[in-house]
Amino acid sequence: MIDIKLIRDETEKVRKAIRDKNIACDLDRLIAVDDRRRAIQQEADQLRQQSNELSNQIGLYKNPKGKWYQDALAKGTTADQLKAEGDKIQADSARIKQRIKELEEEEKTIADDFRALMLTVPQIPSAKTPIGKNDTQNVEVRRVGEPRAFDFEPKDHVQLGKDLNIIDIERGVKLAGTRNYLLRGAGTMLHQAVLRLAMDLIIERGFEPMTVPVVVRDEMMYGTGYFPGGEEQAYRCERDAKSLVGTAEVSLTAMYGDEILDEAQLPIRLAAVSTCFRREAGAAGKDTYGIYRIHYFEKVEQVVLCKADEAESEKHHHAIIANAEAVLQKLELPYRVMMVCTGDMGQGKVEMYDIETWMPSRKGYGETHSASRLGEFQARRLNLRYRGADKKTYFCHTLNNTVIASPRILIPILEQYQNADGSVTVPEALRPYMGGLSVIAAR
RNA sequence: GGAGAGGUGGCUGAGUGGUUUAAAGCGGCGGUUUGCUAAACCGUUGUACGGAUUAAUACCCGUACCGGGGGUUCGAAUCCCCCCCUCUCCGCCA
C-alpha cells in the first residue's frame, strides 16, 4: 500500500508505475471514491459534533444527580420543566442522528471500496529499474564463476538422484501428488548441510536466528502483499482463515506489525529457516521435470526492517544480496545477478534482484534467490512503524532475500559436482556438516 | 474439546450509563535547583483521519479510538450479542 496523499499529489507517477508493472488498478475510480469518502467524513464529523453537543445538553436536563440539575432546582425550576426542555432538545437530536445513520451506511460501503482499491495500487519502482514486460527483459548486472566444461556426458539431477538413491520423486508423487519428492540418505544430509551452512553464515553476519509460524492468519498474507492476488498460489486453511506461508518472509516481516518500534532498535535483521508451501497453480506444465518447481521446500530467508530512508534501504539491499552471493561462493557455484524489470517484479517492489545459479541440465541459469526492496509498501499494510529521533512515527522500510533454498540448490550442486563414475563430490564447505563425507557414491 | 476468569494509554492500574478532554502511579520529555550525577519540585504526555492555516508532518479546530465487530440508549470503557486473544483447571497429546 502506498500513501493516498502521494497517489493524489503524484497521480501521473503512479499511473506510470501501473503501466510499467502491467497491473490492474483503476486510479480514477480510486480517486473518485476517495473524494466521496472525504466528503462523507466531513459531513458526518460535523453532524457528530452537533450531536455530541446536544447529548451533553440533554444530559444536563435529564441527570438528576448532576450539579447543574441540582442548581436549576435550587433556583426554582421544576423537574417537569427540565424534562420538557430535555425532550425538546432530544427531538432535534433525533433528526441529526437519522442523517448520521445514513452517512454511516454509505461510509461503510465506500470504505470497503476504498480499501479494496488501495490494495491494488503498486509501489513505484526505483528510477534504476529497467522497464520491461517480463523476465526476458531483466538485465544482467554481473556474472561470477564459470560453468564447468564436462569431458564426459553429464547426468541431470533426476538421474543422479535416482542412481545414488538420494532423491525419490516417484514415491514423493505417490504420497502427495505431482511436484512432490523424497530426499533420503546423503540427499537429506546434503539438504540439511546446505541449510546449516546458510544459517551459520547469516548468523555470523549479524542476523538474529528465528523460528516462526508457517501457518498464519490471512491478515499477514495481505500485510506482506501476497493477498489479494496470490490466493491461488497459497494453501489456505478455510476453516481457520489461515494460510500456509510460501516463505518465512511473511512471518518475519509481519511479526512487528501493529507496533511502534524505537528508531534505536533499527535496523532489525532476522533470518529463519522454514518449510515453504506453494500450490504452483497457474504453473501447470511449467518446470514439471525434477525438483526445480515443487510444492514444499526449505528456505533460509533474511529480512531487514529499517528506517524510512532510501539510501539506507538501498545499502541493506546490497548487503542482503552480498550475503546470498557469499553462500554461493562458499559452494563454488557459478551464478549471475539479474536486475528484475518492471513487468516481472511484482506490485509491492521498489527494486528487485534475482540471483540465478548455473544449472548444467538446463544449459542455463535458473533462479535460486530473489532479493526485494519494498519501501514502506508492506509496512503500511502491516501498520509497522517506528518512532524517529524527532518523535514522529514513520513506516519502516522492509527488505528480504533468500539465503538458500533447498532442494532447488541441490540441482546445481549435484550436477556441477558430479564425477565421470556417477558419484558426486561434496563441496568443501558442506563437508563439516556431513560428518566429513567427501563423496556421495552409489552403494 | 469442556468449565471458569480476564483484555483499559509505553507500563502498572482505577473506573458498572451523563458534571469538557479515562483517576493515580511509573516511565519518557522539558524546566527549576545543582561542581557533576542523583534526588526533590514544577510542567508536559497516545494514534489515525479530516478541516483551517502554513515553509512545516509546527500551532489551532473537529471526529474516531478502552482487544475486534455489531446492538440498546438522547448519551456506552461501563449494558446485550458474535468473534479474536490471554490466563487457570480438566481432558487429549509430540
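Per chain, numbering begins at 1; letters A, B, ... match sequence-line order.
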Q. When all nucleic acid strands are considered with a 4.0 Å heavy-atom cut-off, which category describes A/Ser51: base, sugar-phosphate, or nothing?
A. nothing
**Q.** Check against salt bridge (charged side-chain N to carboxylate O under 4.0 Å, His left out), A/Asp20 and A/Arg15
**A.** CA-CA 9 Å; A/Asp20 290 345; A/Arg15 245 185 250 289; over 6 Å; no
Q) Which whole number of Å gives the distance between the P atom of B/rA14 and that of B/rG71? A) 31 Å
Q: Go through B/rA64, B/rC74, B/rU57 for me and flag the one nearest to the A/Arg48 side chain.
A: B/rA64
Q: Please determine, for B/rA38, whether a Watson-Crick or G-U wobble partner exists with both distances under 3.5 Å, and give it or none.
A: none
Q. Do A/Tyr353 and A/His369 have ring centres separated by under 6.0 Å?
A. no
Q | Nearest-neighbour nucleotide for the A/Ile260 side chain, B/rG51, B/rU57, B/rU47 considered | A | B/rU47
Q | Nucleotide opposite B/rU88 in a Watson-Crick or G-U pair, distances under 3.5 Å | A | B/rA3
Q.
Using atom P in both nucleotides, what's the gap between B/rU8 and B/rU86 to the nearest angstrom?
A. 14 Å
Q) If we only count heavy atoms from C-beta on, is the A/Phe114 to A/Glu107 side-chain gap below 4.5 Å? A) no
Q.
When both hydrogen-bonding distances must be under 3.5 Å and the geometry is Watson-Crick or G-U wobble, what is B/rC59 paired with, if anything?
A. none
**Q.** Polar side chain donor-acceptor pair, A/Asp344 to A/Asn138, under 3.5 angstrom
**A.** yes
Q | Pairwise P distance for B/rG30 and B/rA23, with rounding to whole Å | A | 23 Å
Q) With both distances kept under 3.5 Å, what pairs with B/rG10, Watson-Crick or G-U wobble? A) B/rC26
(Q) Taking the minimum atom-to-atom distance to the side chain of A/Lys5, which one of B/rG50, B/rA64, B/rG70 wins? (A) B/rG50
Q: Taking atom C1' in both B/rG67 and B/rC87, compute the distance separating them and give it to the nearest angstrom.
A: 15 Å
Q) With rounding to whole Å, what would you report as the distance between B/rG7 and B/rG62 at their P atoms? A) 31 Å
Q) Can you find a side chain N or O atom of A/Lys97 that sits less than 4.0 Å from OP1 or OP2 on B/rU73? A) no
Q. Would you say A/Gln41 reaches B/rG50's phosphate, i.e. side-chain N/O to OP1/OP2 under 4.0 Å?
A. no
Q) In terms of side-chain heavy atoms of A/Arg385, which of B/rA48, B/rG75, B/rA64 is nearest? A) B/rA48
Q. Using a cut-off of less than 4.0 Å, is there contact between a side-chain N or O of A/Thr393 and OP1 or OP2 of B/rA48?
A. yes
Q.
Over all strands shown, is A/Gln49 touching base, sugar-phosphate only, or nothing at heavy-atom distances under 4.0 angstrom?
A. sugar-phosphate
Q: For B/rC65, give its Watson-Crick or G-U wobble partner with both distances under 3.5 Å, or none.
A: B/rG46
Q.
Regarding A/Ser243 and A/Asp218, do their side chains bring together a donor and an acceptor under 3.5 Å, going by distance alone?
A. yes
Q. Does OP1 or OP2 of B/rU47 have a side-chain N or O of A/Arg387 closer than 4.0 Å?
A. yes
(Q) Suppose you measure atom C1' in B/rC29 against the same atom in B/rA64; what distance do you get, rounded to whole Å? (A) 27 Å
Q: Assess the side chains of A/His316 and A/Glu312: does a donor N or O sit below 3.5 Å from an acceptor N or O?
A: yes
Q. With a non-hydrogen cut-off below 4.0 angstrom, is A/Asp92 in contact with a base, only sugar-phosphate, or nothing?
A. nothing
Q: Go through B/rG50, B/rA58, B/rC74 for me and flag the one nearest to the A/Ile58 side chain.
A: B/rC74
Q.
Does B/rC74 have OP1 or OP2 under 4.0 Å away from a side-chain N or O of A/Arg95?
A. no
Q) Would you say a side-chain N or O of A/Asn52 is under 4.0 Å from OP1 or OP2 of B/rA64? A) yes
Q: Flag the pair A/Phe227 / A/Tyr222 as yes when their ring centroid distance falls below 6.0 Å, and as no otherwise.
A: yes
Q. When you check the phosphate oxygens OP1 and OP2 of B/rG50, does a side-chain N or O of A/Arg38 lie under 4.0 Å from one of them?
A. yes
Q. If we call it a pair only when both distances are under 3.5 Å in a Watson-Crick or G-U wobble match, what pairs with B/rC74?
A. B/rG18
(Q) Work out how far the P atom of B/rG17 is from that of B/rC79, and round it to whole angstrom. (A) 8 Å
Q.
Taking the P atom in each of B/rG43 and B/rC36, what is the distance between them to the nearest angstrom?
A. 24 Å
Q: Remember a base hit wins even if backbone is also touched, and classify A/Arg217 as base, sugar-phosphate or nothing at under 4.0 Å, heavy atoms.
A: sugar-phosphate
Q.
Under 4.0 Å from OP1 or OP2 of B/rU20: is there any side-chain N or O of A/Asn56 that close?
A. no
